[in-house]
> 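Quick one: the structure is below, questions incoming.
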2 protein chains.
Amino acid sequence: MKSYKTYPAGTSIVRAGDPLDFVGSVVQGVASLSQTMEDGRRQMVGLLLPSDFVGRPGRAMAKFDVEATSEVILCQFNRAPFERFLHATPHLHERMLEMALDELDAAREWMLLLGRKTAREKIASLLLIVAKRQNAAPVLDGIGMVKFDLNLTREAMADYLGLTLETVSRQINALKKDGIIQLEKKRQICVNNIDQLRAETGTDFEG
Amino acid sequence: MKSYKTYPAGTSIVRAGDPLDFVGSVVQGVASLSQTMEDGRRQMVGLLLPSDFVGRPGRAMAKFDVEATSEVILCQFNRAPFERFLHATPHLHERMLEMALDELDAAREWMLLLGRKTAREKIASLLLIVAKRQNAAPVLDGIGMVKFDLNLTREAMADYLGLTLETVSRQINALKKDGIIQLEKKRQICVNNIDQLRAETGTDFEG
DNA sequence: CGTAGTTTTGAGTGTACTCAAGTCGTGTGG
DNA sequence: CCACACGACTTGAGTACACTCAAAACTACG
């Protein structure tokens, strides 16, 4: 019933429309949930980090693509036995409801970003979110200096933010030129002052 | 514990940040769930039609604005007794989980619209969604002629689609000039051929 | 008939897109 | 060890789609 599986970076975990015979959760790595239009336009609709749930109980068909952005370790459960267990454990529904509602809130905040924020605000918001999730404690310190890895290509960021990869590149370099961030190794971001970054997101909390 | 309340069109039902002491569901009318930035930019993150749930069990503070777009009748439950009832009725969690997951899917499809669709595709998608929800059966008939009311101002549509009201107006009139739709009374839409409209959405299913 | 709200239309602008070339970094094979 | 190739990233020039600002037309209502 339960198994661990490793997916190399860049590979597909599930494709939209495929039968989906398992559910699971991310143990390690970064996976993305996305949607693609016939002409190739792509929109990421979720960033799956460790502890995030994959799949939907009660649905046999995948609705979105799931891809391993970095190498991903997934803890998988076969769907049928998992659902029997779910029904035998009423308390679990409550926990899953909590998780679904949290994701729904996050999706709605993302809608504000996609619909109304400028390219610069989108980039700043993404950096702030990733900084928060990867590095929860230091964000709160007084000086506000934070360093973290951004395990996403420019293209993945673009798909997440509803931009082109060129615009992502230009805006990241603009933030760097303005002294908001520093780049050490292309994918490693150093934020000098987290409040300064927050001011660039356009919104107070989240971003 | 349970009561019905009527909100006139254009009034606020809940404001983000306010204490929220009830949950409920829409009985009649159209309400909107939205977020506003300090400088006034606004993004609708949900369209609440009859049968849709309002509020989040377990949270005392509203995270989004809820407004009556048309006159709205809400069936309300006080939060504390509702939550006691929820805990005494484990089966209810399952039902609420289903609803939350459906909303999450809808939110994710909306993210594709906001991030990647053109103004024309956005309008066509909105019209198709409202047509489906208000008028489920006729959408499926052979000829594909559908008539329905669009109880939204141009501004509300703009906030939902991440556009300006001027762009909404221009695109609606463009669809009319191209013979995809007809306008009877500004807010009443007549779709000649639903498949033609679907072709304008950029995606297969939903829109 | 006048006023306020909504919608349409016009003209000009700007942000992000497209297309294209060039640079950097890393891994491979001669 | 260097040459090369490949992918990721950067940078530039030109364009287009949607935005902004402004005015006019339509609607509803007192």
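By convention in this document, chain letters (A, B, ...) are assigned in the order of the sequence lines, proteins followed by strands, and residues within each chain are numbered from 1.
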> Could you tell me the separation between the CD atom of B:E184 and the C1' atom of D:dT27, rounded to a whole number of Å?
17 Å

> Toward the 5' end of DNA chain D, which comes first, B:T164 or B:K185, by nearest nucleotide?
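Final value for this comparison: B:T164.
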
> Output the rounded distance in Å from CD (A:Q188) to P (D:dC9).
14 Å

> Without decimals, in angstroms, what is the distance between B:E166 CD and C:dT7 P?
12 Å

> Name the nucleic acid region contacted by A:R120, choosing base, sugar-phosphate or nothing; use a 4.0 angstrom heavy-atom cut-off, strictly under.
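The residue A:R120 makes no contact with any strand.
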
> Quickly work out the A:R154 CZ to D:dA8 P distance and round it to whole Å.
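It is 12 Å, rounded to the nearest whole Å.
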
> Do B:R116 side-chain atoms and A:R41 backbone N/O form a donor-acceptor pair below 3.5 Å?
no

> For B:E155 and for B:R116, locate the closest nucleotide of DNA chain C by heavy-atom distance; then report the residue assigned to the nucleotide nearer the 5' terminus.
B:E155

> Going by the rule salt bridge (charged side-chain N to carboxylate O under 4.0 Å, His left out), which residues pair with B:D178 if we only count those two or more places apart in sequence or in a different chain?
B:R120

> At under 4.0 Å between heavy atoms, what does B:L165 touch on the DNA or RNA strands: base, sugar-phosphate, or nothing?
base

> Identify, with sequence neighbours excluded, every residue that meets side-chain contact (heavy atoms from CB on, under 4.5 Å) alongside A:E38.
B:D204

> How would you label the contact of A:G162 with the nucleic acid (heavy atoms, under 4.0 Å): base, sugar-phosphate, or nothing?
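Sugar-phosphate, backbone atoms only, no base.
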
